[in-house]
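Lettering follows sequence order; numbering is per chain, from 1.
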Amino acid sequence: MPELPEVETTRRALQPMVSGKTIDRITTRCPKLRWPIPAMLSDQLTRGQINGIKRRGKYLLFTLKDRPDRLLVHLGMSGSLRVTDSHADLRKHDHVILSLNDQRDIRLHDPRRFGAVLLDTPDSPHPLLQKLGAEPLDDEFSAELLKSHCKNRRMAIKTAIMNAQIVVGVGNIYACEALFAAGIDPQKPAGKLSDDEYAQLVSAIKRILKQAIEQGGTTLRDFLNPSGNPGYFKQTLNVYDRADLPCRTCGTLIRKRVLNQRSTYYCPHCQS
DNA sequence: CTAAGGACCTGTCGGC
DNA sequence: TGCCGACAGGTCCTTA
């Protein structure tokens, strides 16, 4: 479900509701999501006061006051976080519950269980965070950086921008949209873009992610932020999920093809 | 080293 | 109505 804009939307909605609250209890209702949920989790974090929520790529990092331990949450493909009254009925697939001291819960709902709940401590910094590439909205993510990673690579450019070791947070929707905005064929070998194309692509990624965040992310089927509201970026999508519909720029029918087992949408005329 | 494919899961939708 | 296959917003790991 969530790419960077949806994760950031979640973070922004959640943070003011939970900052300063104390975690009374953590209940794990299923033993593993993508990975086993650490047994230490509850012992390590209970009684901790939430300081804030940071984001790195698509990971949410809950930080605590006066403690270095951090709770990592990844929403995978179908995960979402919601704040509810602690007496509210549990839904199917509410897998992890953080009970706060204000009679409210943060509940992780994740039908497909591709998400993750992990611990990051000074003693054992989580390896998944160590290998991540540039934050797309930071200045560090530049045309030069993208070009250097793509040098001599024959993989499709779409695959490159979805590679979290190069740049984090760009998933299938925004990869398609950014390539359309930059006028680049998703299948073009990553190493064969011109300098101008790297620049166009990098600025398109930044622009589109920012715009999507402003609109609360993309609700395709079921994404809701922690307050239960959908995102409005769907109406801004130019190619994603628009197979056989006319390109908004030139009227050519949008095509869909599978690239690396992911549906890829593009305009054969605008992205030559 | 790079690139491609499988794996992990459940839910939903379209076609027959 | 029911069954079956295809597909879904992610990404690590194995294999070639």
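- dG11(B): Watson-Crick or G-U partner is dC7(C), with both key distances under 3.5 Å.
- Residue Lys58(A) has no polar side-chain atom (N or O) positioned under 4.0 Å from OP1 or OP2 of dG9(C).
- When the nucleotides dA4(B), dG9(C), dC12(C) are ranked by their closest atom to the side chain of Tyr59(A), dC12(C) comes out on top.
- With rounding to whole Å, Lys92(A) atom NZ is found 9 Å from dT10(B) atom P.
- Here Arg153(A) reaches the OP1 or OP2 of dT2(B): one of its side-chain N or O atoms lies under 4.0 Å away.
- Rounded to whole Å, the distance from OH on Tyr240(A) to C1' on dC7(C) is 10 Å.
- Contact between the side-chain N/O atoms of His74(A) and the OP1/OP2 oxygens of dT11(C) is found at a separation under 4.0 Å.
- One P atom belongs to dC7(C), the other to dG5(B), and the distance between them is 15 Å to the nearest Å.
- Side-chain N or O atoms of Lys234(A) include none that pairs as donor or acceptor with a backbone N or O of Arg221(A) at under 3.5 Å.
- Atom P of dT12(B) sits at a distance of 23 Å from the matching atom of dT11(C), rounded to the whole Å.
- If you take CD of Glu6(A) and P of dA8(C), they are 16 Å apart, rounded to a whole angstrom.
- Here dG6(B) is the nucleotide among dC7(C), dT10(B), dG6(B) with the atom lying nearest to any side-chain atom of Gln261(A).
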Open item on the list: The test is salt bridge (Lys or Arg N to Asp or Glu O under 4.0 Å); show your working for Arg67(A) and Asp69(A) and say whether it passes.
Closed with: CA-CA 6 Å; Arg67(A) 287 200 215 173; Asp69(A) 315 59; 5.5 Å; no
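- Nucleic acid contact class of Lys234(A) (heavy atoms, under 4.0 Å, all strands): none.
- Between the Glu177(A) side chain and the Tyr240(A) main chain, a donor and an acceptor come within less than 3.5 Å of each other.
- Nearest to the side-chain atoms of Ser263(A) among the listed nucleotides dA3(B), dG10(C), dC7(C) stands dC7(C).
- Counting to the nearest Å, the P atom of dC9(B) and the CZ atom of Arg29(A) are 18 Å from each other.
- Per the geometry, CG belonging to Asp241(A) stands 12 Å off P belonging to dG14(B), to the nearest Å.
- Between the side chain of Glu135(A) and the backbone N or O of Gly57(A) there is at least one donor-acceptor pair closer than 3.5 Å.
- Residue Phe223(A) and nucleotide dG9(C) are not classified as a stacked aromatic pair, given the requirement of ring centres less than 5.5 Å apart at an interplanar angle below 30°.
- When side chains are defined from C-beta on, Cys250(A) counts as touching His269(A), because their heavy atoms get closer than 4.5 Å.
- In this structure, the aromatic ring of Phe114(A) is not positioned over the six-membered ring of the base of dT11(C) within 5.5 Å between centres and 30° between planes.
- In this structure, Leu33(A) reaches neither bases nor backbone, as no heavy-atom distance under 4.0 Å exists between it and the strands shown.
- Side-chain to base pairing of Arg113(A) with dT10(B): no donor and acceptor N or O lie closer than 3.5 Å to each other.
- Remark on DNA chain C: of its neighbouring residues Gln165(A) and Leu220(A), the 5'-side contact belongs to Leu220(A), judged by nearest-heavy-atom nucleotide.
- Between Arg262(A) and dG10(C) there is a side-chain N or O to OP1 or OP2 distance below 4.0 Å.
- Looking at Arg257(A), Gln271(A), Arg242(A) one by one, the single match for side chain to side chain donor-acceptor pair (under 3.5 Å) with Tyr266(A) turns out to be Arg257(A).
- Atom CG of Asn260(A) is separated from atom C1' of dT2(B) by 12 Å (rounded to the nearest Å).
- If you check distances only, the side chain of Glu3(A) never reaches the base of dG10(C) with a donor-acceptor pair under 3.5 Å.
- Pairing for dA3(B) is with dT15(C), a Watson-Crick or G-U wobble pair whose two hydrogen-bonding atom distances lie under 3.5 Å.
- In this structure, the side chains of Leu179(A) and Asp185(A) stay at 4.5 Å or more apart for every pair of heavy atoms.
- Comparing dA6(C) with dG6(B), their P atoms sit 13 Å apart, to the nearest whole Å.
- Of the candidate nucleotides dA3(B), dA8(C), dG11(B), dG11(B) has the atom nearest to the side chain of His93(A).
- Whole-Å rounding puts the Met162(A) CE to dA8(C) C1' distance at 12 Å.
- Nucleic acid contact for Asn152(A): none, since no nucleic acid atom lies under 4.0 Å from a heavy atom of the residue.
- Put simply, Lys32(A) has a side-chain N or O that comes within less than 4.0 Å of OP1 or OP2 on dC9(B).
- Residue-level contact check: Thr218(A) touches the bases, meaning some heavy atom is under 4.0 Å from a base atom.
- Distance NZ (Lys158(A)) to P (dA4(B)): 13 Å, rounded to an integer number of Å.
- Residue side chain Arg112(A) does not reach the base of dG11(B) through any donor-acceptor N/O pair under 3.5 Å, judged by distance alone.
- In this structure, Lys151(A) does not reach the dT2(B) phosphate: none of its side-chain N or O atoms is under 4.0 Å from OP1 or OP2.
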